[in-house]
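A short write-up of the structure that comes next.
These values consider heavy atoms only, across backbone and side chains, with no hydrogens, waters or symmetry-generated copies. All figures in this text were calculated on a predicted structure; none of them were measured in a lab.
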Amino acid sequence: MNPLTSKSIPALARYSRRSLVDVCLEEAQKSQSVFTRLYAEAALAAGDHADAMRAAGVEISPLAGMPVSIKDLVDVAGETTLAGSTVLRDAPVAKSDAPVVKRLRIAGAAIVGKTNMTEFAFSGVGLNPHYGTPVNPADTGVARIPGGSSSGAAVSVATGLCVAAIGSDTGGSIRIPAALCGIVGFKPTARRVPTAGTIPLSTTLDTLCAMTRSVDDCILVDSIIADNELSIPELPLAGVRLAVPATLMLDALDPHVAASFSAVLTRLSAAGAKIVDAPFALLSEAADLNKFSGAESFAWHRELLLNREAEYDARVAKRIRTGAAMSAADYIDLHRKRRHWINRMEEALGPFDSLIMPTVPIVAPPIADLEASEDAFFKANGLLLRNPSTINLLDGCAVSLPCHEEGTLPVGLMVAGPAMADRKVLAVARAIEGALQRQQQ
């Protein structure tokens, strides 16, 4: 039995790290389309080293020897970073590990492999025609999308192939697959974790962090890759002011998502939280401002598209090309308008401890439906990105945690706040997680 399928990091402390890595590597080799590379020798060495240090009485990091995966857009020294594509297969190898990889190695983490993803991270769906699409493990009867773009990362955690997965989040690419696969995902304030050594989607919006099985595990990983341990206070829910934004975020909810969210609000209210329905009309402006990814990705990809567009996933190439028409003046003006919007949003957020909303408005659709229809693909993609991408536009931080009844399709609850409110958002998310778990017992 694989203990990683049900236990968070502290509960795994009594296990031999080598045994955990052995189990994860064995399962990873049998998995389909989850990993693009495995680092068996290095991971086993990290597990052995952690065991030896612990046996010698040396205090080790809680992450030492623990299996961790990293998304395929993060540099590892000596190999080409592919970002879920075949276009870069003949590109130069990375000269050094990305800072997040270096920090994981310093903490002793056993990096078991690189995970599959949407090509160049440009979709919230998770389909990949080059390396296959990881199947969402939440439904054994229907092959459903895992969510993207950090598709393999989420599946690696949900299936117990690692304790934590490093993903990227530009418009929800950590929180979307976390929500659809029934795990926890954290998007920190972007400036807190370095994105150097990664292939960019949007230099304005890109963020790196983790998906795990608990909020505390996300806090642990964040402290390592941000090189800044946040002191998260114990926060009673009684009196916490949680704003439910009425504009946009509750539109077109799937009935199961709507019912799950309504049930959570009732349970949080019963635990003493003050739920406030707030208009947040400013959210209606988000769609017109959220155009950075197209422009910034086109700037990075334009030469590759000129010579090798036929090798791209056509859906990805189509979205990148949306940025071709933006002028420099329009781009500069977009930044100005965004800053003005952020200032007004932060003022509106002032009276509240956090925003709460469904992470995404739908459950995971079947893979076959979205592969068969471009219209269905782009409709689902737009719905999946809608709620989480507003937090990236805000330069904010957010946690997605599961809020569905056991035995039903996963639904994510997003707890969000403005830039540098990470400590408060994590404290609220941990308090909500604890309340929901106690009420289920």
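- The backbone N or O of Pro233 sits less than 3.5 Å from a side-chain atom of Arg430, completing a donor-acceptor pair.
- Judged as a side chain to side chain contact (heavy atoms under 4.5 Å, CB included), and not counting sequence neighbours, the contacts of Ala158 are Pro137, Cys181, Ile183.
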Identify all side-chain donor-acceptor contacts of residues 89-96 below 3.5 Å with residues at least two apart in sequence or on another chain.
residue : atom : partner : partner atom : Å
Arg89   : NH1  : Thr86   : O            : 2.6
Arg89   : NH1  : Glu311  : OE1          : 3.3
Asp90   : OD1  : Arg308  : NH1          : 3.2

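- Within 6.0 Å of the CZ atom in Arg302, the count of heavy atoms belonging to other residues, nucleotides or ligands does not exceed 12.
- For Lys318, the side chain to side chain donor-acceptor pair (under 3.5 Å) partners at least two apart in sequence or on another chain are Glu374.
- Listed by first and then second residue, the ring-ring contact (aromatic ring centres under 6.0 Å, His included) pairs involving residues 110-144 are Phe120-His301, Phe120-Tyr312 (not counting sequence neighbours).
- Arg213 places a side-chain N or O within 3.5 Å of a backbone atom of Val157 that can act as its donor or acceptor partner.
- A donor-acceptor contact closer than 3.5 angstrom links the side chains of Thr81 and Asp75.
- The side chain to side chain contact (heavy atoms under 4.5 Å, CB included) check on Val135 picks up Ala143, Ile367, with sequence neighbours excluded.
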Tabulate below the donor-acceptor pairs under 3.5 Å that side-chain atoms of residues 23-32 make, not counting sequence neighbours, or state none.
residue : atom : partner : partner atom : Å
Glu27   : OE2  : Lys30   : NZ           : 3.4
Ser31   : OG   : Ala28   : O            : 2.6

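- Looking only at side-chain heavy atoms (C-beta outward), Ile356 and Ile275 come within less than 4.5 Å of each other.
- Looking at heavy atoms from C-beta onward, Asn136 lies out of side-chain contact with Leu409 at the 4.5 angstrom threshold.
- A side-chain N or O of Ser156 and one of Ser69 form a donor-acceptor pair less than 3.5 Å apart.
- Arg386 meets the side chain to side chain donor-acceptor pair (under 3.5 Å) test with no other residue; sequence neighbours excluded.
- Sorted by first then second residue, the side chain to side chain donor-acceptor pair (under 3.5 Å) pairs that include residues 165-187, not counting sequence neighbours, are Lys71-Ser168, Ser149-Ser173, Asp169-Arg175, Asp169-Asn392, Thr170-Asp206, Arg175-Asn392, Lys187-Thr207.
- Looking only at side-chain heavy atoms (C-beta outward), Asp313 and Asn128 stay at 4.5 Å or farther from each other.
- Here Ser262 pairs with nothing under the side chain to side chain contact (heavy atoms under 4.5 Å, CB included) rule; sequence neighbours left out.
- Listed by chain and number, the residues in a side chain to side chain donor-acceptor pair (under 3.5 Å) with Ser33 amount to none (sequence neighbours excluded).
- Counting heavy atoms of neighbouring residues, nucleotides and ligands inside a 6.0 Å radius, atom CD of Glu309 exceeds 12 of them.
- Of the residues listed (Arg241, Lys424, Lys274), the one engaging Asp353 in a salt bridge (charged side-chain N to carboxylate O under 4.0 Å, His left out) is Lys424, and it is the only one.
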Problem set entry | Evaluation steps, salt bridge (Lys or Arg N to Asp or Glu O under 4.0 Å), between Asp48 and Arg18 | CA-CA 5 Å; Asp48 286 338; Arg18 169 64 185 244; 2.8 Å; yes

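- Residues meeting the side chain to side chain contact (heavy atoms under 4.5 Å, CB included) test with Arg54, sequence neighbours left out: Arg17, Asp51, Ile60.
- Contact of the Leu393 side chain with the Met345 side chain is not registered, since no non-hydrogen atoms from C-beta on lie closer than 4.5 Å.
- A side chain to side chain donor-acceptor pair (under 3.5 Å) check over residues 355-367, counting only residues at least two apart or in different chains, returns the pairs Thr359-Ser400.
- Residues Met117 and Thr36 form no side-chain contact, since every pair of their non-hydrogen atoms from C-beta on lies 4.5 Å or further apart.
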